[in-house]
Amino acid sequence: MSKCSNLTVGLHDADGGHFPNYALMKISAYHKAQGDSVEWWMPIKTYDRVYSSKIFTFTPENMYLPQNTIKGGTGYGIYDELPHVIDDVFPDYSIYPKCDYAIGFITRGCIRKCSWCVVPRKEGMIRAYRTWKEIKRPDSNKIVLMDNNILASEYGKTQLESMIGENVKIDCNQGLDARLIDDDVARILSKLQWIRFIRMSCDTDEMLETVIRTIERLGKFGVKAYRIFVYLLVTDVKSAENRAIALKKGGVDVFAQPYRDFENNTEPTNEQKAFARYVNRKEIF
């Protein structure tokens, strides 16, 4: 495509911009490289092209978006990937000026088929995607990785290990799979610099023993319990309460997430939401 197309492009972050939208940053970078004018969409203006990205199904629709808006994201029920010509560009972080870290994926996909997760259907089996050096920003040493199961990939583990000793701090914000943290992985994790926490998830009763054992294993390599953060899926409240109490006794930070059916847009129950508020208010829990 010519670099003189001079389109006016409007971007719409349906979820409110609380976390940088990876797709919109790539779309912005691509269009700017073509010589196009890119800005946040405003309903009072007319654009040659409007893109809207929505991650969450519970985010309300914007009734003012033009009918020809190009929409994407799981919130719209659209699982299409960006065209390679857009996906391969470096994100435009200038559209999120308060963001001082890089975001990205080293791997895409997952080996698990959890009933509550859209990733297996959206991305398929796990595969290599980027190196951490391709993700890192030149103006920041912080990287937030959004991989769904980086430890399920030998490539992913090799990339993590290659960051040891480098001037880079990371966060795996989707949580690591405790079932895959053996002594070798625990050693790697213990030597990395973390922005704040090492994150895992404990979504079922069956996972509790594994997560507790993994916390103990990380402790053998010098990782203190207060440096570990555990996501807690809340479906059955009694089950979630037992897991929350056991994990709290282990000294880790617990964050409860009420189950939301993204496929059918089903809201969590009042009991699930009340329990999550109880756990997530640390001064109460």
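Looking at residues two or more places apart in sequence or on another chain, you find a side-chain hydrogen bond (donor to acceptor under 3.5 Å, both in side chains) between Arg281 and Glu283.
Residues Ile86 and Leu82 come closest through the heavy atom pair CG2-CD1, 4.2 Å. In plain terms, the two heavy atoms of Lys26 and Asp87 that are nearest each other are NZ-O, 2.5 Å. Closest heavy-atom contact between Met163 and Ile170: SD-CG2, 3.6 Å. Considering all non-hydrogen atoms of both residues, Pro20 and Cys99 come closest at CG-SG, 3.6 Å. Here the closest heavy-atom approach between residue Ile212 and residue Ala246 is recorded as CD1-CB, 4.3 Å. The two residues Leu7 and Arg49 come nearest to each other via the heavy atoms CD1-NH2, 3.7 Å.
No single ILVMFWY cluster, assembled from side-chain heavy atoms under 4.5 Å apart, contains both Phe19 and Phe255. Note: the hydrophobic cluster containing Val223 also contains Ile215 (ILVMFWY, side chain heavy atoms under 4.5 Å, direct or indirect links). At a threshold of 4.5 Å between side-chain heavy atoms, the hydrophobic network of Ile, Leu, Val, Met, Phe, Trp and Tyr places Phe197 and Leu151 in two separate groups. Under a hydrophobic-cluster definition in which Ile, Leu, Val, Met, Phe, Trp and Tyr are linked whenever side-chain heavy atoms come within less than 4.5 Å, directly or via other members, Val254 and Tyr278 are assigned to the same cluster. Linking Ile, Leu, Val, Met, Phe, Trp and Tyr whenever their side-chain heavy atoms come within less than 4.5 Å leaves Met200 and Tyr226 in two separate clusters.
Enclosure of atom NZ in Lys238 is not indicated, since only 12 or fewer non-hydrogen atoms of other residues, nucleotides or ligands lie within 6.0 angstrom. Around CD of Gln193, the count of heavy atoms belonging to other residues, nucleotides or ligands within 6.0 Å exceeds 12. Taking a 6.0 Å sphere around NZ of Lys169, one finds it holds 12 or fewer heavy atoms contributed by other residues, nucleotides or ligands. Heavy atoms from other residues, nucleotides or ligands lying under 6.0 Å from NZ of Lys191 number 12 at most. Within a 6.0 Å radius of CD in Glu166, other residues, nucleotides and ligands contribute more than 12 heavy atoms.
If you take CG on Asn242 and CG on Leu208, they are separated by 8.5 Å, rounding to the nearest 0.5 Å. One finds the CD1 atom of Ile70 at 7.5 Å from the CD1 atom of Ile27 (value rounded to the nearest 0.5 Å). With rounding to the nearest 0.5 angstrom, the CG atom of Leu232 is 11.5 Å from the CE atom of Met207. Atom CD1 of Ile188 and atom NZ of Lys157 lie 7.5 Å apart (nearest 0.5 Å). Interatomic distance, Asn148 CG to Cys172 SG, rounded to the nearest 0.5 Å: 11.0 Å. Atom NZ in Lys224 sits 12.5 Å away from atom CG in Leu218 (nearest 0.5 Å).
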Step-by-step salt bridge (charged side-chain N to carboxylate O under 4.0 Å, His left out) determination, Lys54 to Asp15: CA-CA 6 Å; Lys54 185 153 79 92; Asp15 303 299; over 6 Å; no

Take Arg217 and Asp183 through the test side chain to side chain contact (heavy atoms under 4.5 Å, CB included) and record every step on the way to the result. CA-CA 7 Å; Arg217 174 174 285 125; Asp183 281 357; 2.9 Å; yes

Using side chain to side chain contact (heavy atoms under 4.5 Å, CB included), reason through Ile135 and Tyr129 one step at a time and then give a plain yes or no. CA-CA 10 Å; Ile135 300 170; Tyr129 179 68; over 6 Å; no

Side chain to side chain contact (heavy atoms under 4.5 Å, CB included), that's the test. Do Leu11 and Trp41 meet it? Break it down for me. CA-CA 5 Å; Leu11 305 177; Trp41 170 78; 5.8 Å; no

Yes or no on salt bridge (charged side-chain N to carboxylate O under 4.0 Å, His left out) for Lys220 and Glu216, after CA distance, side-chain angles and deciding distance? CA-CA 7 Å; Lys220 291 193 308 180; Glu216 294 170 350; over 6 Å; no

Could you go through Glu81 and Arg108, starting from their C-alpha distance and side-chain angles, then the distance that decides it, and tell me whether this counts as salt bridge (charged side-chain N to carboxylate O under 4.0 Å, His left out)? CA-CA 11 Å; Glu81 296 181 351; Arg108 301 304 292 258; over 6 Å; no

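Judged by the 6.0 Å distance and 45° axis criteria, Arg187 is not positioned over the aromatic ring of Phe221. Cation-pi geometry between Arg137 and Tyr93 is met: the NZ or CZ atom falls under 6.0 Å from the ring centre, inside 45° of the normal.
Between Arg130 and Asp88, the closest side-chain pair of non-hydrogen atoms falls below 4.5 Å. Residues Tyr22 and Ile55 are not in side-chain contact: their nearest non-hydrogen atoms beyond the backbone lie 4.5 Å or more apart. The closest side-chain heavy-atom distance from Leu176 to Ile150 is below 4.5 Å. Contact of the Ile198 side chain with the Leu192 side chain is not registered, since no non-hydrogen atoms from C-beta on lie closer than 4.5 Å. Side-chain contact between Val237 and Thr269: absent, with no pair of heavy atoms (C-beta onward) separated by less than 4.5 Å. Within the 4.5 Å cutoff, the side chain of Asp182 has heavy atoms near those of the Val185 side chain. Within the 4.5 Å cutoff, side-chain heavy atoms of Met25 are placed close to those of Ile103. At a threshold of 4.5 Å between non-hydrogen side-chain atoms, the residues Leu160 and Leu145 count as touching.
Using a distance-only test at 3.5 Å, with no hydrogens or angles considered, a donor-acceptor pair links the side chain of Thr158 to the main chain of Glu154. A donor-acceptor pair under 3.5 Å is formed between the side chain of Ser140 and the backbone N or O of Lys142. Using a distance-only test at 3.5 Å, with no hydrogens or angles considered, no donor-acceptor pair links the side chain of Asp171 to the main chain of Val144. Remark: side-chain polar atoms of Tyr47 are paired, donor with acceptor, to backbone N or O of Met42 under 3.5 angstrom. Side-chain N or O atoms of Ser28 include none that pairs as donor or acceptor with a backbone N or O of Asp92 at under 3.5 Å. A donor-acceptor contact shorter than 3.5 Å links the side chain of Lys248 to the backbone of Phe285. No donor-acceptor distance shorter than 3.5 angstrom exists from the side chain of Thr69 to the backbone of Lys71, with no hydrogens or angles considered. At distances below 3.5 Å, not a single donor-acceptor pair connects side-chain atoms of Asp36 with backbone N or O atoms of Thr8. Remark: the backbone N or O of Leu189 is paired with a side-chain donor or acceptor of Trp194 at under 3.5 angstrom. Distance alone, capped at 3.5 Å, is enough to place a donor-acceptor pair between the Gln159 side chain and the Trp132 backbone.
A donor-acceptor pair shorter than 3.5 Å can be found between the side chains of Asp13 and Tyr96. A side-chain N or O of Tyr76 and one of Ser52 form a donor-acceptor pair less than 3.5 Å apart.
In this pair, Phe229 and Tyr231 present their aromatic rings perpendicular. The plane angle is above 60°, beyond the 30 to 60° band.
If you look at His31 and Tyr51, their ring centroids are closer than 6.0 Å.
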